[in-house]
Amino acid sequence: MGKNKVIVGCQWGDEGKGKIVDLLASDADFIARFQGGANAGHTIVVDDTKYVLHLIPSGIIQPGKICLIGNGVVLDPFTFMEELEFLTEKGIDYKDRLFVSPACNLVLPYHKLVEAVEEKNRGTFSIETTKRGIGPAYVDKVARNGIRVADMFEPERLKRRLEYQKVIKDKYLSGSDDERADLKRTYDELMKLVPLFKTLAIDVSLRLNEAAKQGKTILYEGAQGSMLDVDLGTYPFATSSNTTVGGALTGLGIGPKMIDEVVGIVKAYTTRVGAGPFPTELVDDTGDKLRTLGDEFGATTGRPRRCGWLDLVSLRHVVRINGVDSIAITKLDVLDELPEIKVCTAYDLKGTVHSEVPLDLSELSQASPIYNNLPGWMADTTGTTRFEDLPENARNYLNYIADYLGVTICIVSTGAKRKETIVV
Ligand code: IMP
């Protein structure tokens with residue numbers, strides 16, 4: 001395996017990145033999150049303790065690791081504070097090993113208010129977002145109206161920039177009795193956080209570049225999945241950031257030579273939360289079975305996830321756009337009780353067979369999957385730690401995926417716990 005790795009989700013999020021980052025963090029010195037915000041829900045189970053993180057890099061659970069939040073992340077300072085409290089409650093010391101880029105744009109209460117109105121206005125075209133204010137915060141960033149961590153350290157500037165929000169968001173804010181529209185309140189609450197943020201703010205790009213020169217090992221942690229990438233995913237049913245590998249470069253201020261390996265995380269089947277095309281979705285008993293066995297309910301919103309078979313066509317697209325070298329396959333054990341497992345190897349689009357995703361990904365909503373049927377293994381793989389101990393059909397399933405995608409498998413996850421893992 002390469003030294004400095006980027007971790008990207010290869011589907012529509014919820015692939016189990018948290019567990020894999022936590023595992024790989026044991027060999028890393030630095031873990032740096034590069035995009036997204038508190039829309040993410042990264043779950044890590046160590047022994048009998050479950051940790052769900054939204055903003056803070058999953059590496060924080062491993063003692064002594066340095067965790068950085070890069071400028072590409074939109075940071076909700078209030079959720080961040082709740083997460084710090086959660087870590088303290090769990091006895092995890094983050095002092096002197098958690099840092100934030102001053103160039104992070106803030107997600108503020110009014111972003112959630114704007115999002116609630118916009119989602120309602122979209123009506124039947126609603127994206128079904130996580131309602132964490134992510135889209136409106138990235139809109140402000142790109143429109144250069146955003147408020148960044150650094151603005152908190154300049155009270156007059158912060159006040160001025162908040163005042164300007166009133167001008168540009170007048171239709172959402174004026175006359176509203178929702179407390180999220182109260183900019184004075186937001187200002188006061190932010191000012192309370194200044195002393196803490198002053199201790200956390202560092203030049204993330206500089207720190208990482210120096211670390212690389214010193215031969216330290218870095219893990220770049222992505223959130224959401226590649227099919228939710230705002231440029232390369234199923235737009236407009238996407239999130240608002242670059243979830244793919246390029247996001248690591250711009251979201252942390254690093255050059256491409258600081259990445260030695262791209263690790264893609266692939267769930268052994270597919271899930272999606274929220275609206276948008278999903279060709280292999282199963283709206284039948286098998287889909288329900290996957291949801292129940294896989295406990296497929298959102299870590300951030302609790303929403304039931306849509307479930308379906310593995311889609312190798314979209315995965316091949318994702319491997320290509322990220323330059324994925326190796327994959328970690330998660331939740332293999334969820335398939336233990338299925339006599340037959342299907343994998344989608346092409347789409348039927350208006351009577352024509354396509355072995356690549358369509359040029360316009362929104363056409364995926366009309367794609368019928370063409371499946372290859374593989375035999376299941378009907379045996380318990382939970383907790384298996386050696387590849388050779390897996391049933392033959394499980395090994396065949398994994399090898400089929402790797403061959404089809406032209407990648408190697410670096411990890412297979414056979415349960416939620418840290419030790420329920422095969423390192424290949
Ligand atoms: P947003 O990121 O909250 O704007 O939501 C946009 C779309 O991305 C919606 O379909 C969400 O359900 C989905 N989404 C955002 N974050 C995650 C995640 O961490 N896991 C899975 N889906 C996500």
Side-chain angles (χ1 to χ4, degrees), residues 7-21 33-44 51-58 72-76 79 83 105 107-108 111-122 124-142 221-244 247 251 265-267 269-278 281 291 294-308 314 318 330-331 361-362 364-365:
I7 310 300
V8 289
C10 290
Q11 292 146 315
W12 280 282
D14 307 316
E15 298 91 352
K17 292 177 291 296
K19 168 173 169 171
I20 305 299
V21 171
R33 169 91 185 261
F34 57 84
Q35 46 68 232
N39 47 350
H42 294 164
T43 306
I44 302 138
Y51 305 88
V52 180
L53 297 169
H54 303 283
L55 274 166
I56 296 175
S58 305
V73 171
V74 283
L75 191 140
D76 179 334
T79 306
E83 225 163 289
N105 274 254
V107 179
L108 293 171
H111 289 126
K112 294 180 196 171
L113 180 63
V114 170
E115 183 167 23
V117 177
E118 285 188 338
E119 274 287 90
K120 198 159 160 253
N121 288 347
R122 286 184 188 117
T124 51
F125 302 107
S126 155
I127 300 165
E128 297 176 14
T129 68
T130 61
K131 305 228 168 54
R132 294 300 186 271
I134 305 301
Y138 276 116
V139 166
D140 273 349
K141 167 180 167 169
V142 176
E221 180 180 10
Q224 289 83 46
S226 299
M227 292 298 278
L228 288 172
D229 185 283
V230 69
D231 287 289
L232 300 158
T234 49
Y235 187 92
F237 298 99
T239 190
S240 299
S241 63
N242 285 117
T243 57
T244 46
I265 316 299
V266 177
K267 196 186 289 194
Y269 48 98
T270 313
T271 61
R272 174 163 203 170
V273 215
F278 180 0
E281 181 172 15
R291 186 174 309 105
D295 192 20
E296 295 295 353
F297 297 89
T300 299
T301 58
R303 291 181 290 176
R305 296 179 184 142
R306 300 157 67 192
C307 297
S314 75
V318 164
T330 60
K331 293 191 138 181
L361 261 71
S362 64
L364 277 183
S365 58

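No hydrogens, no waters, no symmetry mates; every other heavy atom, side chains included, goes into these values. Position 1 is the first residue of the sequence; numbering continues from there. All ligand and atom numbering here is 1-based and tracks the order in the structure.
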Proximal atoms of ligand 1 relative to Glu128 (non-hydrogen, under 4.0 Å) = 9 (C), 10 (O), 11 (C), 12 (O)
key: Atoms of ligand 1 close to Trp12 [distance to a heavy atom under 4.0 angstrom, numbered from 1]   = 21 (C), 22 (N)
key: For Thr129, atoms of ligand 1 separated by under 4.0 Å from a heavy atom   = 1 (P), 3 (O), 4 (O), 5 (O), 9 (C)
task = Evaluate side chain to side chain donor-acceptor pair (under 3.5 Å) for Thr271 paired with Asp14, printing each intermediate quantity in order.
result = CA-CA 7 Å; Thr271 61; Asp14 307 316; 4.8 Å; no
Min N/O separation Asp14 to ligand 1 under 3.5 Å = yes
ask   = Which of the atoms in ligand 1, numbered in the order shown and given with their element, are less than 4.0 Å from a heavy-atom of Leu228?
value = 8 (O), 13 (C), 14 (N), 22 (N), 23 (C)
request  = Given side chain to side chain contact (heavy atoms under 4.5 Å, CB included), test Val74 with Ile134 step by step and report yes or no.
outcome  = CA-CA 7 Å; Val74 283; Ile134 305 301; 4.1 Å; yes
ask   = So, is Gly135 polar-close to ligand 1, with some N/O to N/O distance under 3.5 Å?
value = no
task = Looking only at non-hydrogen atoms, find the nearest pair between Pro304 and Val273 and report the distance.
result = O-CG1, 4.2 Å
ask   = Taking only residues at least two apart or on different chains, which pairs with a member in residues 126-142 satisfy salt bridge (charged side-chain N to carboxylate O under 4.0 Å, His left out)?
value = Asp140-Lys169
request  = Would you mind running through ligand 1 and noting each atom that sits below 4.0 Å from a heavy atom of Val273?
outcome  = 10 (O), 11 (C), 12 (O), 21 (C), 22 (N)
key: Pairwise distance CG(Leu364) to CE(Met227) - rounded to 0.5 angstrom   = 5.5 Å
inquiry  = Run Glu119 and Ser126 through side chain to side chain donor-acceptor pair (under 3.5 Å) and show every step you take.
reply    = CA-CA 5 Å; Glu119 274 287 90; Ser126 155; 3.0 Å; yes
ask   = Backbone, side chain, both or neither: what part of Ala238 comes under 4.0 angstrom of ligand 1, heavy atoms only?
value = backbone
query = Should the proximity of Arg303 to ligand 1, defined as any heavy atom under 4.0 Å, be assigned to the side chain, the backbone, both, or neither?
reply = side chain
request  = Indicate yes or no: does an N/O atom of Thr130 lie under 3.5 Å from an N/O atom of ligand 1?
outcome  = yes
query = Can you name the residues that form a ring pair (Phe, Tyr, Trp, His ring centres under 6.0 Å) with Phe237, not counting sequence neighbours?
reply = none
key: Glu115 and Lys112 ion-paired at < 4.0 Å   = no
query = Which atoms of ligand 1 sit under 4.0 Å from any heavy atom of Gln224?
reply = 15 (C), 16 (N), 17 (C), 18 (C), 19 (O)
ask   = How far does CD1 of Ile127 sit from OG of Ser240, to the nearest 0.5 angstrom?
value = 7.0 Å
query = Are any of the N/O atoms in Ser240 less than 3.5 Å from those in ligand 1?
reply = no
Atom 2 (O) of ligand 1: the protein heavy-atom neighbour that sits closest, reported with distance to 0.1 Å = Thr239 OG1, 2.6 Å
